[in-house]
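Just below is one structure, and these are the notes that go with it.
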Amino acid sequence: MTNTAFKPRVHGIFDPATWTVTYVVYAREGGACAIIDSVLDYDPKSGRTSHASADQVVQFVREHKLQVQWILETHAHADHLTAAAYLKEQLGGQIGIGAHITQVQQVFQGVFNLPSEFKTDGSQFDVLLKPGQHIGLDEEVGTVIDVPGHTPACVAYQFGDAVFVGDTLFMPDVGTARCDFPGGNAKTLYQSVQKILSYPNDTRLFMCHDYPPTDRPIAYETTVGEEKQKNIHVHEGVTEPQFVEMRNQRDQTLEMPVLILPSIQVNIRAGHPPPAEANGKTYLKIPFNVL
C-alpha cells in the first residue's frame, strides 16, 4: 500500500523549448529514484536530436548518487520526444508506461503505415504498467493511477503525498488537457480529473507542462485543494456536461502541436528512432493530407 505519509524529494527540470517538466523523484541521497517524462531535444528544421535537457537529468542523478530504478512515461507525448532510451543507456533503470500504450501503437501504425515488423504489443518498453500496480522506490511503494481522456493510455504516478499527473491537469490558471487526439474523450477526462481531485486537499500535484497565460513565472506544483478551488476548467461546481461542452468547443480551436509527427513516431518506440533503412540512415514520416 502506498505510504501517504511519505514525502518524496522532487526535483523538476523545465525545458523551455517544449514547456515540459522532467522530474527526478527520490527518498534520500544515494537511494533509488524514478525519472518521469524526460525530454530529448529535437530541432524540427534539421531533424537532429541532442541531449542538453536529458544531460541535466544525468548530472543531477550522478551528483546525488542516485540509482535509477524507473524511467516512467505518463503517456506517449505529442509535444516532445522522450529521452527514455538515452537515459537508460546512461543511467540504467526500467522504462515503464501504461499498459494501454498498445491502443496508441495500433492507431499510429495505421496513421504512419508502419511496417508489419513494428510490434503493437508494447514490447519496446521494459514494463507495461497496469492501474493500481505498485512500483517500488527503495522501501517506499508508488502506485499507478489510470487517468485516460487526453489519450487512452494516460497514467499518473503516486509516490507518497505526491502525484505526477502528466497532461491530465495543468496549473489552475491553465486548466486541463485537450481531448481531440485519437482515443481522447472529454467525458473520460472529466472522470479522471475527479479521481485525482478525490485525494486529500494537501496532496501535491506535479504538472508535466506549464503554459502561463500571463507573465507569471513558470510553475508546475500545486495541490488538490488549489485545483478544486481555482482550476478554470474543472473547479468544484463544474458538472460533467458543462466540462464536456467546454472541452469539445475549445479543442476545435487548437492547432496541432509543432512536434506531434516526430514525437509520436519516437515515443511509441520507447524513445528509440525508427529502424535504419537500406542506406543506413533513419527517417521519420510526414503524412501528407492524412491528419
Side-chain angles (χ1 to χ4, degrees), residues 1-15 19-28 33-38 60 70 72-75 77 98 131-132 134-135 137 140-150 154-179 186 188-240 242-243 246-247 250:
M1 180 178 296
T2 299
N3 176 14
T4 56
F6 169 47
K7 297 184 181 299
R9 303 184 190 188
V10 179
H11 178 69
I13 298 171
F14 181 72
D15 177 58
W19 307 89
T20 303
V21 189
T22 299
Y23 295 102
V24 181
V25 188
Y26 61 107
R28 60 178 181 275
C33 73
I35 299 168
I36 303 175
D37 289 335
S38 61
F60 182 86
W70 293 100
L72 300 172
E73 303 288 345
T74 54
H75 61 295
H77 305 273
H134 289 162
I135 46 180
L137 203 61
E140 300 295 343
V141 175
T143 303
V144 180
I145 307 169
D146 193 33
V147 288
H150 174 55
C154 287
V155 295
Y157 298 104
Q158 179 191 4
F159 291 98
D161 74 333
V163 178
F164 300 84
V165 301
D167 286 6
T168 302
L169 279 168
F170 298 130
M171 294 299 291
D173 58 352
V174 179
T176 56
R178 65 194 299 166
C179 299
T188 303
L189 180 64
Y190 181 87
Q191 295 166 355
S192 293
V193 168
Q194 297 310 311
K195 186 184 300 183
I196 292 173
L197 297 185
S198 70
Y199 281 77
N201 283 341
D202 59 354
T203 301
R204 295 184 291 162
L205 301 180
F206 292 90
M207 315 291 109
C208 183
H209 302 283
D210 188 35
Y211 308 103
T214 64
D215 59 356
R216 70 157 171 79
I218 293 295
Y220 38 82
E221 179 182 349
T222 182
T223 64
V224 165
E226 187 174 10
E227 291 282 9
K228 286 161 67 173
Q229 291 178 14
K230 301 179 182 179
N231 188 285
I232 58 172
H233 293 165
V234 70
H235 57 77
E236 286 182 315
V238 174
T239 66
E240 182 179 290
Q242 289 173 330
F243 177 80
M246 177 281 300
R247 189 70 266 172
R250 179 173 172 79

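Throughout, residue positions are numbered sequentially from 1 according to the sequence presented.
Contact between A156 and V147 at its shortest, heavy atoms only, is N-CG2, 3.6 Å. Annotation for V21 and G12: closest pair CG1-CA, 4.0 Å, computed over non-hydrogen atoms. Of all non-hydrogen atoms in I135 and T143, the two that sit nearest each other are CG1-N, 4.2 Å. Scanning all heavy atoms of the two residues, the minimum distance from I218 to P212 falls at CD1-CG, 3.6 Å. Closest approach of Q191 to E240, counting heavy atoms only: NE2-OE1, 3.6 Å. R247 and C179 get closest at one heavy-atom pair: CG-SG, 3.8 Å.
The aromatic rings of H11 and F60 sit parallel to each other, their planes meeting at less than 30°, with 60° as the upper class boundary. In this pair, H75 and H150 present their aromatic rings perpendicular. The plane angle is above 60°, beyond the 30 to 60° band.
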| request: May I have the step-by-step check of side chain to side chain contact (heavy atoms under 4.5 Å, CB included) for C208 and T20, ending in yes or no? | output: CA-CA 6 Å; C208 183; T20 303; 4.1 Å; yes
| query | Given the rule in the side chain to side chain contact (heavy atoms under 4.5 Å, CB included) test, do L72 and V155 qualify, once you have shown the distances and angles that lead to the verdict? | reply | CA-CA 10 Å; L72 300 172; V155 295; over 6 Å; no
### Task
Walk me through it: do V165 and T74 pass the test side chain to side chain contact (heavy atoms under 4.5 Å, CB included)?
CA-CA 7 Å; V165 301; T74 54; over 6 Å; no
Residue pair V25, W70: steps toward the side chain to side chain contact (heavy atoms under 4.5 Å, CB included) verdict: CA-CA 10 Å; V25 188; W70 293 100; over 6 Å; no
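One distance of note links CD of E73 with CG of D37; it measures 5.5 Å at 0.5 Å rounding. Within the model, atoms CD of E236 and CD of Q229 stand 7.0 Å from one another, a figure rounded to the nearest 0.5 Å. Taking CG of L197 as the reference point, atom OG1 of T168 lies at 10.5 Å (rounded to 0.5 Å). Atoms OH and CZ, from Y220 and F170 in turn, are 16.0 Å apart once rounded to the nearest 0.5 Å. Interatomic distance, D167 CG to H209 NE2, rounded to the nearest 0.5 Å: 4.0 Å. To the nearest 0.5 Å, the span separating CE on M246 from OH on Y190 amounts to 10.5 Å.
Between Y157 and F164, the ring center distance fails the sub-6.0 Å criterion.
At least one donor-acceptor pair under 3.5 Å links the side chain of N231 to the backbone N or O of G175. At distances below 3.5 Å, not a single donor-acceptor pair connects side-chain atoms of Q194 with backbone N or O atoms of I196. No donor-acceptor pair under 3.5 Å is formed between the side chain of T223 and the backbone N or O of T203. Using modelled atom types, no side-chain atom of E140 and backbone atom of L137 make a donor-acceptor pair closer than 3.5 Å. Looking at D210, its side chain never comes within 3.5 Å of a backbone N or O of M171 through a donor-acceptor pair. A donor-acceptor contact shorter than 3.5 Å links the side chain of S192 to the backbone of P148.
The closest side-chain heavy-atom distance from K230 to T222 is not below 4.5 Å. Counting heavy atoms from C-beta on, the side chains of S198 and V224 never come closer than 4.5 Å. The shortest distance between side-chain heavy atoms of E226 and L205 does not fall below 4.5 Å.
A salt bridge does not link D202 to K7: none of the charged nitrogens lies less than 4.0 Å from a carboxylate oxygen.
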